[in-house]
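It should be emphasised that the depicted structure is a prediction, and the values quoted were computed from it without experimental measurement.
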Amino acid sequence: DSLPTYLQLIRPESKANYAAVVSETMNSHDRRALEDQIVCTDEMKFGLLGQSCLCPAYSTLIGNLIATQDDEPPSQGPNQVIEEWQKEYCYGCGFEIYRTSLSPQFSRKAFHEIAWIIYEEFGSLLFALELEDKYNEKHVILYPHNFYVHKASAIIAFIMAPSAAVVKKVSTYNANPKPNGTLMKSIIHKIEDAGNNVAARVSSWQDAIPTNQADLKIASEKMARATMAGISRVTKFGTDKAVNV
């Protein structure tokens, strides 16, 4: 068996020269397989240019996805105002294309269901799968909407994500985490701390309860906001920890 060859060329016509060199030792099927591994820079550049005529900024989109960039907006001068579209553009620049395996939790789901979960949970975009045909040849399929994933751990996915850490969470995703003892103790301590904080603030206001009706209403509103803030912090802490287990 011949080894796969990966070749980068500048001019498209050089592909014919390469094919002529290997034609005497390889059959036509092998030659086609090798030609699929040839990258021609001029073809890529002109291809992106042509697609940009049909879809403005197409080349910019692809360039940003295959390059590592900072998602922070440029430094703001004293008289410079960063507009909303600039912030969105910089945020998009932070995304890259990653190739990763899927968590077993995604088994027995359709592609569009998995894509929705990844978008909702991780703010990332699943856009393609690497699948094998009956001849064990691999093909990258863009957005196979109704494809049913039987065994997710055996499938490779292509994801647009802000970082490798997010992609790792996708590959280890657990929809039904089981909290361990350490986590439960941490949550209980947070609940107790939040409760004590709220109680202390309420007590301090009770010591200075005003007699004026208007001031009394303001104090009551502060107490209510403090109570809700404490409940919100406890709820958010518990939810975040449960998701990250």
Is the shortest heavy-atom distance from the side chain of [X] to the side chain of [Y] under 4.5 Å?
| X | Y | value |
| --- | --- | --- |
| Phe95 | Val166 | no |
| Ser153 | Ser107 | no |
| Gln105 | Asn174 | yes |
| Ile156 | Leu129 | no |
| Ile155 | Val149 | yes |
| Arg108 | Tyr148 | yes |

Would you compute the distance between atom [atom1] of [X] and atom [atom2] of [Y] and round it to the nearest 0.5 angstrom?
| X | Y | atom1 | atom2 | answer |
| --- | --- | --- | --- | --- |
| Glu43 | Leu9 | CD | CG | 9.0 Å |
| Cys90 | Asn64 | SG | CG | 10.0 Å |
| Lys169 | Ser171 | NZ | OG | 11.5 Å |
| Leu131 | Lys138 | CG | NZ | 11.0 Å |
| Ile38 | Gln8 | CD1 | CD | 11.5 Å |
| Leu65 | Glu96 | CG | CD | 8.5 Å |

* To do: Starting from the C-alpha separation in whole Å, work towards a yes-or-no answer on side chain to side chain contact (heavy atoms under 4.5 Å, CB included) for Tyr89 and Thr60.
  => CA-CA 11 Å; Tyr89 178 81; Thr60 303; 3.6 Å; yes
* Asked: Are Arg99 and Glu130 ion-paired here, with the side-chain N under 4.0 Å from a carboxylate O?
  -> yes
* Is the Tyr119 ring parallel, tilted or perpendicular to the Trp116 ring (thresholds 30°, 60°)? -> tilted
* **Over 12 foreign heavy atoms within 6.0 Å of OH, Tyr143** => yes
* Are there more than 12 heavy atoms of other residues, nucleotides or ligands under 6.0 Å from atom CD1 of Ile10? -> no
* Ignoring hydrogens and angles, tell me if any N or O in the side chain of His112 forms a donor-acceptor pair with the backbone of His145 under 3.5 Å. => yes
* Determine yes or no for a side-chain-to-main-chain donor-acceptor pair under 3.5 angstrom, with Ser59 supplying the side chain and Leu49 the backbone. => no
Kindly give the heavy-atom pair with the smallest separation between [X] and [Y], and that separation in Å.
| X | Y | answer |
| --- | --- | --- |
| Leu48 | Tyr58 | CD2-CE2, 3.6 Å |
| Phe158 | Leu126 | O-CD1, 3.5 Å |
| Ala152 | Pro104 | CB-CA, 4.4 Å |
| Phe106 | Val170 | CE1-O, 3.6 Å |
| Tyr173 | Ser103 | O-OG, 2.6 Å |

